[in-house]
Amino acid sequence: MTVLLREAIGDRLRHARTNQRRTLRDISRAARVSLGYLSEVERGQKEASSELLASICEALELPLGELLHKVAADVSAIDNVEVAPVDEKVEAGKRRAPERESAEAGLEGGRLVSELIGNDLADLRISPPPRMSPALRTTISAPKMVAA
């Protein structure tokens, strides 16, 4: 699995900014970078120059070396992920249900916690899924007619 460096850097910059509960506008002003360009850098759509990275890191009060160290750790962690080969004999109609696959793999259903604790991908926590109503309830009304 290959990850682009600009995407890994953007993810880490966004993570640092959101952990500080700061807005794109706040960081763009402090770093003297346009808000749109900073957004594109965070989304991994633009390759940031070293000067721009230094300015953004200064605005985030994040040492550039620390950012690069974390990005390197993320990239090497992703490089070490092994993707299971697809079984070509399995037909589309005969696949097992996802719930059954995860149960057989020893995992229980859950969801990712909305807030991360710490700075590493290993800090993701799993919690039980929210209770859902067994019936889907919808209310569809006829369009209101306006008298002319």
Side-chain angles (χ1 to χ4, degrees), residues 1-88 90-141:
M1 178 179 223
T2 305
V3 64
L4 295 176
L5 184 59
R6 69 173 184 254
E7 291 173 348
I9 290 171
D11 285 344
R12 275 294 167 178
L13 290 173
R14 176 168 285 168
H15 181 78
R17 178 180 59 79
T18 56
N19 274 350
Q20 295 177 15
R21 299 188 191 278
R22 294 174 70 188
T23 63
L24 274 170
R25 185 173 311 279
D26 177 35
I27 301 302
S28 71
R29 285 180 180 157
R32 298 181 185 207
V33 177
S34 77
L35 189 140
Y37 194 80
L38 178 59
S39 175
E40 288 179 315
V41 168
E42 281 192 358
R43 288 180 282 142
Q45 295 179 337
K46 294 288 184 183
E47 197 84 47
S49 68
S50 58
E51 292 88 359
L52 181 65
L53 276 179
S55 180
I56 295 169
C57 284
E58 186 176 324
L60 288 167
E61 298 174 358
L62 171 69
L64 181 59
E66 185 178 331
L67 170 73
L68 296 176
H69 178 73
K70 289 178 180 180
V71 167
D74 291 346
V75 170
S76 53
I78 291 172
D79 283 344
N80 292 330
V81 171
E82 291 184 26
V83 179
V86 177
D87 187 2
E88 295 176 10
V90 176
E91 296 176 24
K94 295 185 180 181
R95 297 238 21 202
R96 293 182 290 184
E99 301 84 23
R100 204 168 150 221
E101 286 178 355
S102 63
E104 289 176 8
L107 299 175
E108 294 182 16
R111 63 182 174 82
L112 292 177
V113 176
S114 60
E115 296 182 52
L116 292 177
I117 303 168
N119 293 325
D120 294 326
L121 296 176
D123 290 330
L124 296 177
R125 305 287 189 252
I126 298 178
S127 66
R131 298 270 184 208
M132 299 183 81
S133 171
L136 176 64
R137 297 178 187 161
T138 59
T139 305
I140 301 174
S141 59

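Hydrogens, waters and symmetry mates play no part in the numbers below; they use all other heavy atoms, side chains included. Remember, predicted model here, so these are calculated numbers, not experimental data.
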Crowded around Q45 CD? As in, over 12 foreign heavy atoms under 6.0 Å? yes
Please report the shortest heavy-atom distance between D26 and T23, naming the atom on each side. N-OG1, 3.0 Å
Distance col, row I56:CD1 vs R32:CZ, nearest 0.5 angstrom, shows 14.0 Å
Gap separating the CD atom of Q20 from the OG1 atom of T18, nearest 0.5 angstrom: 9.0 Å
Roughly how far apart are L68 CG and K70 NZ, rounded to 0.5 Å? 11.5 Å
If you compare all heavy atoms of L53 against all heavy atoms of L64, which two are closest, and at what distance to 0.1 Å? CB-CD1, 4.1 Å
Smallest heavy-atom separation, Y37 atom then E47 atom, equals OH-O, 3.5 Å
For side-chain contact (heavy atoms from CB on, under 4.5 Å), just list the numbers for E66 and L62, CA-CA rounded to whole Å, side-chain angles, deciding distance to a tenth of an Å, and then say yes or no. CA-CA 7 Å; E66 185 178 331; L62 171 69; 3.7 Å; yes
Between the side chains of S39 and R43, is a donor N or O closer than 3.5 angstrom to an acceptor N or O? yes
Between the OG atom in S55 and the CG atom in L60, the distance rounded to the nearest 0.5 Å is 9.5 Å
Calculate, to the nearest 0.5 Å, the distance between atoms CD1 and CG belonging to I27 and L13 respectively. 9.5 Å
Applying side-chain contact (heavy atoms from CB on, under 4.5 Å) between E42 and each of R12, E7, R17, report the one that passes. R17
Between D11 and H15, do the side chains contain an N or O donor and an N or O acceptor separated by less than 3.5 Å? no
Which heavy atom of A59 sits nearest to which heavy atom of R22, and what is that distance? O-NH1, 2.8 Å
Taking atom SG of C57 and atom CG of L67, what is their separation to the nearest 0.5 Å? 4.5 Å
